Amino acid sequence: MSNKLPVLRLENLTKMFGDVKAVDNVNLDIYEGEIITLLGPSGCGKSTTLRSIAGLEKVDGGEIYFRTINSETLQPISDLAVRKRDMAMVFQSYALWPHMTVRKNVEFGLTIGKRRVTKAERESRVVNALKMVYADELIDRKPSELSGGQQQRIAVARAIVVNPAILLLDEPFSNLDAKLRIETRSEIRALIKEIGVTAIFVTHDQSEALSISDRIAIMNKGRIEQLGSPLDIWQKPENSFVGEFIGEANLIECHVKETTNGSAVLCLLGTSDCFKTNQTKEIWPNETAQVILRPQVLEISQNIDSSHNSIHGRVIESMFMGTLEYVVIELTNKKNITIHRKIIADDPLKKGEEVSIIIDPSQAYAYGGKYKN
Ligand SMILES: Nc1ncnc2c1ncn2[C@@H]1O[C@H](COP(=O)(O)OP(=O)(O)O)[C@@H](O)[C@H]1O
Ligand SMILES: [Mg+2]
């Protein structure tokens with residue numbers, strides 16, 4: 001993708017609210033037809049970034065560039081009014097007009113400005129957009145006569161009906177119940193791919209981001225911490241913030257005893273309980289490292305020997321979770337970690353039992369420096 005021109009480029013984008021840097025020097029290239037997600041905790045600047053792209057916020061620094069279809073150049077658009085940007089947004093609140101029918105809500109964008117079309121074309125595009133979100137039978141209802149899920153579909157129809165170059169979606173599923181959220185995810189991905197629109201999606205829900213996106217930008221405190229495919233971000237977190245934010249993770253602090261060619265011996269802080277890893281980033285001997293250990297990749301051994309690459313602890317709690325057992329273990333540094341263990345029926349763990357925790361050196365991610373959150 002890197003040899004192609006993006007359709008949208010954010011260059012050193014910065015937005016302040018008083019002293020708060022809501023968006024801090026963000027750089028991001030977005031390519032035609034991709035679904036890119038801004039993912040991060042509440043308050044990290046996702047909505048402000050999206051609203052800046054839409055033109056709903058005036059940026060304080062940097063530039064937003066846009067390329068119209070078939071054009072070979074990116075044009076700055078920071079000074080362009082909202083309605084002149086070839087984009088459409090779906091808001092978290094849906095923002096449907098309560099006094100208008102579904103038809104009027106959806107067709108509104110086709111009655112004004114450059115997007116204005118004839119009545120006949122309007123009619124067919126509205127029906128078509130509603131069909132695409134499986135809501136054409138709702139055309140004569142008012143928003144108050146719709147469920148949350150139906151309102152959400154209408155909000156999507158209203159955005160796609162204008163054939164925007166870029167579709168912006170800010171937490172569009174957050175008002176749906178858990179089951180509907182999951183169903184709607186795959187539907188919306190299929191819809192976006194079918195119409196081929198470029199989409200920028202905002203969510204704080206990692207499973208939503210992982211399942212919907214072509215690429216994910218992980219945001220923290222107004223900055224992008226990592227940009228990559230869902231698999232990349234899951235498998236190769238670039239720092240401890242991403243490692244802990246994505247997937248389930250135990251974050252433990254260790255003392256770096258020694259380093260050799262990308263591998264290292266780490267000891268639980270304040271103990272001589274040590275293990276090897278070969279996933280290291282910017283760590284130095286005698287300093288502290290933050291280590292991410294995923295609950296799924298740790299193994300429990302009831303033999304307390306040191307023949308394995310292991311650390312040690314005591315079983316605090318064990319919860320049956322269907323196919324897995326969630327085991328909480330207190331380490332020798334008194335910190336707890338969680339392990340997801342495949343259930344071995346004739347080998348139950350007892351509370352207080354001493355165990356070894358076997359660590360795969362390629363699955364223990366060690367990062368130097370201070371934990372950035
Ligand atoms: N209109 C506003 N006025 C003042 N502060 C704001 C405004 N909008 C957002 N912020 C602040 O900017 C930061 C980023 O907010 P936002 O972009 O909404 O985060 P997110 O969408 O990731 O939850 C937060 O600290 C938030 O409080
Ligand atoms: Mg938000």
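Read the numbers this way: they start at 1 and go in the same order the structure lists the ligands and their atoms. Given the structure is predicted, the values throughout are model-derived calculations rather than measurements.
- Within a 6.0 Å sphere centred on CG of Asn261, other residues, nucleotides and ligands contribute 12 heavy atoms or fewer.
- Looking at heavy atoms from C-beta onward, Ile77 lies in side-chain contact with Met87 at the 4.5 angstrom threshold.
- The N/O atoms of Val20, backbone and side chain alike, include none that comes under 3.5 Å of an N/O atom in ligand 1.
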Audit row: Cys254, Cys267, disulfide (SG to SG under 2.5 Å) steps and yes/no: CA-CA 5 Å; Cys254 292; Cys267 306; over 6 Å; no
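- Distances shorter than 2.8 Å separate the Mg ion (ligand 2) from the protein N/O/S atoms Ser47 OG.
- Protein heavy atom closest to atom 24 (C) of ligand 1, with residue, atom name and distance, is Gly43 O, 3.7 Å.
- A donor and an acceptor atom, one from each side chain of Glu11 and Asn27, are nowhere located under 3.5 Å apart.
- Counting protein heavy atoms under 4.0 angstrom from atom 27 (O) of ligand 1 gives zero.
- The residues Arg103 and Asp136 are annotated as not salt-bridged, no charged nitrogen and carboxylate oxygen being separated by less than 4.0 angstrom.
- Judged by distance alone, the side chain of Asp24 and the main-chain N or O of Arg223 form no donor-acceptor pair under 3.5 Å.
- Side-chain contact between Val242 and Asn220 is absent, with no heavy atoms from C-beta onward closer than 4.5 Å.
- Counting heavy atoms from C-beta outward, Pro76 and Glu63 have side chains that approach closer than 4.5 Å.
- Remark: ligand 1 and Ser47 share an N or O pair separated by less than 3.5 Å (distance only, no angle test).
- No side-chain heavy atom of His204 sits less than 4.5 Å from a side-chain heavy atom of Ser42.
- Considering only non-hydrogen protein atoms, atom 10 (N) of ligand 1 sits nearest to Phe17 CD1, 3.3 Å.
- The protein non-hydrogen atom at the shortest distance from atom 12 (O) of ligand 1 is Ala22 CB, 3.4 Å.
- Protein heavy atom at the shortest distance from atom 16 (P) of ligand 1 is Thr48 OG1, 3.5 Å.
- For ligand 1, the polar-atom distance check against Cys44 finds a nitrogen or oxygen pair separated by under 3.5 Å.
- Taking the centre and axis of the six-membered ring of Tyr134, the NZ or CZ atom of Lys131 falls outside the cone set by 45° and 6.0 Å.
- Considering backbone and side-chain atoms together, Thr49 places no N or O closer than 3.5 Å to any N or O of ligand 1.
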